[in-house]
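Below: the structure, in C-alpha cells.
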Amino acid sequence: MTTQVVNPHIAQSTGLHTISVYVANKPGVLARIAQVFARRGYNIESLVVSPAMDGNFSRMTIGLSGSPEGMEQIIKQTSKLIDVLRCTDHTDDNAVVKELALVKVRVGAEQRAEVLQIGEHFGCKTVDLTETSLILQCTGNSEKIDALIGMLGKFRIIELVRTGKVLMARGDGLT
Amino acid sequence: MTTLAVADKTLDQKADHLRPQVEVKNPPISKQVLDGAQALVKGLERQGVEYIWGLSGGAAIPIFDALVTTGTKIKLVLVRHEQGATHIADGYARITGRPGVVLVTSGPGATNTVTGIMTAHMDSVPMVVLTGQTITAMLGKDAFQEADVFGITMPVVKHSYLVKRTNDIPRVIKEAFYIASTGRPGPVLIDIPKDVSSGPCTSDLDPPMDLPGYNPFIPVDKDRVKGIAEALLKSKRPVLLVGHGVLISRAWDQLRRLAETLQAPVTTTLLGKGAFPETHPLSLGMLGMHGTAYANKAMLECDLVMSIGSRFDDRIIGQAPKFCRDAVRIHIDIDAAEINKMIKVHHWCVGDAKEVLEELIKHVRKLDTDAWLNHLDGLKKKFPLKYKKYGGLKMQYILDELDKLTGGNAIVTTDVGQHQMWAAQFMKTVRPDGWLSSGGAGTMGYGFPAAIGAQFAKPHDMVWAVVGDGGFQMTMCELATACVHKLPVKVLVLNNHYLGMVRQWQELFFENRESGVDLEGNPDFAKLAECYPGAKGFTLKRGADIRKILKRAMDYNDGPCVINAEVEKADNVYPMIPAGRAIEDMILEPPKHKLEKPTGST
C-alpha cells in the first residue's frame with residue numbers, strides 16, 4: 001500500500017468536491033488533516049468521521065468546494081501525512097453518496113397532514129410527534145434533502161441537522 | 001485500592017528494613033525494570049545516537065536522570081537556549097545525514113524549539129525533538145509550564161507524538177527515527193508527560209512499528225526515466241537545476257556523471273550548493289533572486305530544464321507562469337506532492353535522486369551542447385560577479401578572500417541576509433557538506449549554532465560561521481557551548497550595524513525610508529568573545545588586514561573565535577530579481593530610476 005499520489009483523479013468542477021480519507025485511528029489525525037485544508041484557506045463544508053470496519057482505522061468523508069488545482073494540492077498533501085493510507089476525490093465518481101437529515105417542523109393539527117404527506121413522498125420517517133411539532137428523518141443524496149427542505153419552506157422549520165455526506169465507491173472501486 | 005496500596009507500601013518498607021543494608025549506587029540496569037525514560041535512552045542507543053543537545057527543566061528531569069542512571073555513552077550537551085539546540089542538531093544532521101536529537105522541557109522550553117523545528121521542516125532535515133510535558137492527569141488544565149506543543153508544532157513537523165503510555169516509548173522512538181530519516185526527511189516531535197517517562201516500561205525494546213500509512217520507498221518507474229532520457233536527448237540547450245534533494249540522497253557522484261556525460265550545465269539552488277563542485281567548468285553557480293546573472297540568463301534561454309531534488313521555490317522561479325515557459329520542464333523529486341505544485345512539468349519521476357539518476361545515466365549520452373556551453377562561457381565572462389575593492393571594507397571582499405584561503409575545504413554555515421547571499425555568490429562550494437544555510441525558513445540565528453553542530457559531526461574539519469550582526473545576536477549565547485566543548489568554530493561577523501537586506505529593500509522600493517533596521521547598540525563582538533573562557537576575538541577594519549586576520553583565526557583552535565569585521569554600512573546585493581517579478585526582470589546594478597514595490601512575498 002502506498003500513500004504516494006502523483007496524479008490524483010480530480011474532478012474538474014470548481015463546485016463541491018467529496019473527498020474520502022482512510023486513516024489510522026490515532027490521536028491528532030483529524031487535526032492534521034483539517035490543517036491541510038485550513039492552511040490553504042479552505043472552508044470544510046461537511047465532515048463525517050467514524051471508525052472503519054477494522055477498528056484500527058477510520059474513515060472520513062469531507063465535502064468542500066474549490067478549484068481543481070487547489071484540490072490536487074490538498075489531496076497530495078493529505079496523502080503525505082504519516083497516518084493517511086488513502087485520500088481520494090470521489091466527485092463525479094461512480095459512488096453511492098448519502099446524507100441524513102433531521103428536520104423539526106412547527107405544525108398544528110391543521111398542517112400536520114400536509115407535512116406528513118410531503119415526508120411520505122420523500123421517504124421520510126416521522127421520528128417525533130407532538131401537539132405542536134414533528135421531526136422528519138430523511139436519508140438520501142444531498143439534492144433530495146435540499147428538495148425536502150424547499151418543500152417544507154412554507155412551514156416553520158425550527159431546527160435542521162444534517163450529517164454531511166457519506167460515500168462509498170460502487171462495485172470494485174476503493175473508497 | 002488506596003488502602004491496599006498503602007498496605008503494600010508498609011510491607012515493602014518492612015521488608016526493606018529487614019534486608020541487610022548494603023549501599024548500592026546506580027544499581028545495574030539489567031536487574032531492575034526500566035522506567036520510561038531509561039527505555040527511551042535505550043531506544044536512542046539502538047538508533048545509534050551520539051549526541052543529545054538540550055536544556056533541562058522540571059518535566060524533563062526523569063529523562064535527564066536516565067542519561068545518568070543508564071550509564072549510556074550518549075553525550076549530553078547542555079546548550080544555552082533551546083533554539084540553539086535545534087540548530088545545532090540541524091547542522092549535525094545536515095553533515096551526517098542522521099537525525100539530530102534535541103531534549104528540552106515542557107512549556108517555554110518546548111516552544112523555544114519551534115523556530116528550529118520549522119527551519120528543519122522547510123529544509124527537509126532529519127531531527128527528533130523530545131519535549132517533557134506535564135503529567136497526563138494535568139494535560140489540558142493549564143498546569144505549570146504546560147504548553148500544547150503537540151498542537152503548536154503540528155504545522156512544522158513531519159510527524160509528532162504525544163506519548164500517553166510508558167510501554168509505547170520504545171515503538172515511538174523507533175518510528176520517530178524511521179520517519180525523520182526516510183523519504184523526504186524532516187523533524188519529528190515526541191512529547192512525553194512526566195508520569196509516562198517515570199512509569200515502568202515492560203514492553204519489548206525493539207517492537208514492531210505501526211505505520212500502515214507510511215511507505216517512503218518508491219521504486220523507480222523505469223518507463224518514466226526512459227521518457228525523461230528521450231526528452232534530454234532532444235535538447236540542445238539543457239540546464240540541470242539541482243537542489244538539496246541531491247545532497248540528502250547523497251547523489252553527487254551520480255549527478256556529476258550525468259552532467260559530464262550529457263555535457264549539460266548545472267545550476268544549484270541555495271541549498272543545493274555543494275551537490276556539484278562550483279569550480280567545475282559546467283557549473284553556473286547559484287540561480288534565483290540573487291543568483292548569478294549567467295545562471296538566470298541560462299534559465300531564460302534554455303530549451304530544457306531538469307530539476308533534481310529542488311522544489312521550484314519562489315526565490316528560484318520568480319513568476320511561475322513565466323518560468324522556462326518555452327522549455328521542456330522535467331522534475332525529479334522524492335515527494336510526489338512537489339510535482340506540479342509550483343511549475344507544471346512535462347515529465348516527472350518520483351523517487352530518490354540517487355536511484356533515479358543511476359537509472360537515467362544508463363539511457364543518456366553526450367548531447368550536442370558545444371554551442372550552448374560556449375554561449376554560457378561568454379555570459380560568464382560578460383556578467384561576472386564583481387565588487388569594488390577600494391572604499392569601505394566590503395563583505396564581498398572578505399568572503400572572496402576567505403574562499404581563496406580555505407580553497408573549498410571548509411564547512412561554511414550562514415545566517416540569513418546580505419552576508420548569506422554574498423557568501424553564496426563568492427564562496428565556491430566544492431565539497432557536498434561544505435554549505436549549510438537556512439533556505440526555506442530564512443532563519444536569522446541559524447548560522448552559528450549550525451556551525452557548532454557541524455563541528456560536533458566533523459571535529460577535525462574547519463568550520464566557518466558567516467553571520468550578520470543581526471542574526472548572530474539571536475543565538476550568540478551558544479559561545480558558551482562552543483567554549484565548554486572547545487569547538488574551534490570560526491565566527492565571521494560581517495558587521496554593518498544594519499539589518500542589511502531589509503535596508504536594501506527599503507532603499508530600492510520604499511524611497512530609502514529606513515524603518516527598524518539600524519542596529520545601534522551592537523556590542524564589540526571581539527571583546528564579547530574574549531569574555532568567554534577559551535574564546536578569542538579579532539577585529540577587522542581594513543582590506544589590507546583581511547588575509548592576516550583570517551589566517552590568525554584559522555590558526556586558533558583551542559576554542560571558538562569571533563572576527564568582528566566592521567564592513568561598509570550600506571551596500572546592495574546584485575544581481576537581484578525583485579520578489580514576485582520574472583527572471584527577465586533581473587537587475588544587475590543599482591537601478592537608475594525608481595523601482596516598483598515588489599508584489600511577491602518578502
Side-chain angles (χ1 to χ4, degrees), chain A residues 1-10 12 19-42 51-60 67-89 174-175, chain B residues 136 139 148-165 168 171-172 175-176 178-180 182-184 186 188-189 191 209-219 221 224 320 331-345 347-352:
Chain A
M1 198 168 293
T2 170
T3 59
Q4 300 297 330
V5 180
V6 179
N7 271 349
H9 163 74
I10 306 284
Q12 288 305 303
I19 292 168
S20 72
V21 197
Y22 190 52
V23 301
N25 187 3
K26 290 180 183 173
V29 178
L30 177 60
R32 282 185 224 274
I33 290 174
Q35 210 162 57
V36 172
F37 295 79
R39 184 177 167 194
R40 291 169 178 78
Y42 280 78
M53 194 168 68
D54 177 342
N56 292 317
F57 301 98
S58 294
R59 286 192 181 281
M60 300 183 185
S67 68
E69 292 77 28
M71 219 52 66
E72 180 175 345
Q73 262 302 301
I74 280 181
I75 288 177
K76 284 175 166 181
Q77 297 293 346
T78 303
S79 304
K80 217 168 103 169
L81 296 172
I82 304 294
D83 289 330
V84 171
L85 282 84
R86 265 202 307 282
C87 177
T88 323
D89 185 354
L174 267 183
T175 309
Chain B
T136 46
L139 282 175
D148 174 16
V149 72
F150 182 72
I152 288 170
T153 56
M154 208 177 258
V156 292
V157 293
K158 183 170 175 188
H159 195 55
S160 50
Y161 294 90
L162 168 62
V163 188
K164 297 281 286 292
R165 299 183 316 165
D168 288 342
R171 176 182 55 81
V172 166
E175 288 178 4
Y178 181 66
I179 292 168
T182 51
R184 180 174 178 176
V188 177
L189 178 120
D191 198 25
M209 294 192 284
D210 178 25
L211 296 170
Y214 184 60
N215 177 18
F217 298 104
I218 307 137
D221 185 333
R224 292 206 157 275
H331 198 175
I332 296 168
D333 205 296
I334 197 158
D335 182 354
E338 292 297 341
I339 310 290
N340 289 333
K341 186 180 86 174
M342 302 298 292
I343 296 291
K344 296 274 175 236
V345 293
H347 302 271
W348 46 263
C349 182
V350 174
D352 178 70

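To find a chain, count down the sequence lines: A is the first, B the second, and so on, and within it residues start at 1.
- Taking CG of B:Asp335 as the reference point, atom NZ of A:Lys80 lies at 3.5 Å (rounded to 0.5 Å).
- Using a cutoff of 4.0 Å between basic side-chain nitrogens and carboxylate oxygens, A:Lys26 and B:Asp210 are scored as salt-bridged.
- Heavy atoms only, all atoms of each residue included: B:Ala337 and A:Gln73 are closest at O-NE2, 3.2 Å.
- Looking at A:Ala31, the atoms closer than 4.5 Å to chain B (heavy atoms on both sides) sit in the backbone and in the side chain alike.
- To the nearest 0.5 Å, atoms NZ (A:Lys76) and NZ (B:Lys341) are separated by 10.0 Å.
- Interatomic distance, NE2 of B:His159 versus CG of A:Leu81, reported as 9.0 Å (0.5 Å rounding).
- At distances below 3.5 Å, not a single donor-acceptor pair connects side-chain atoms of B:Lys158 with backbone N or O atoms of A:Ile82.
- Here the side chains of B:Ser160 and A:Arg32 are in contact, with some heavy-atom distance below 4.5 Å.
- For A:Arg40, the CZ atom sits in a packed shell: over 12 heavy atoms of surrounding residues, nucleotides or ligands are nearer than 6.0 Å.
- When every heavy atom of B:Met154 is checked against every heavy atom of A:Gly28, the shortest pair comes out as CE-O, 4.0 Å.
- Using a 4.5 Å cut-off between heavy atoms, B:Val188 makes no contact with chain A at all.
- More than 12 heavy atoms of other shown residues, nucleotides or ligands fall within 6.0 angstrom of atom NZ in B:Lys344.
- Across all non-hydrogen atoms, the minimal contact from B:Pro212 to A:Phe57 is CG-CE2, 3.6 Å.
- With a 4.5 angstrom heavy-atom cutoff, B:Phe217 does not touch chain A via any of its atoms.
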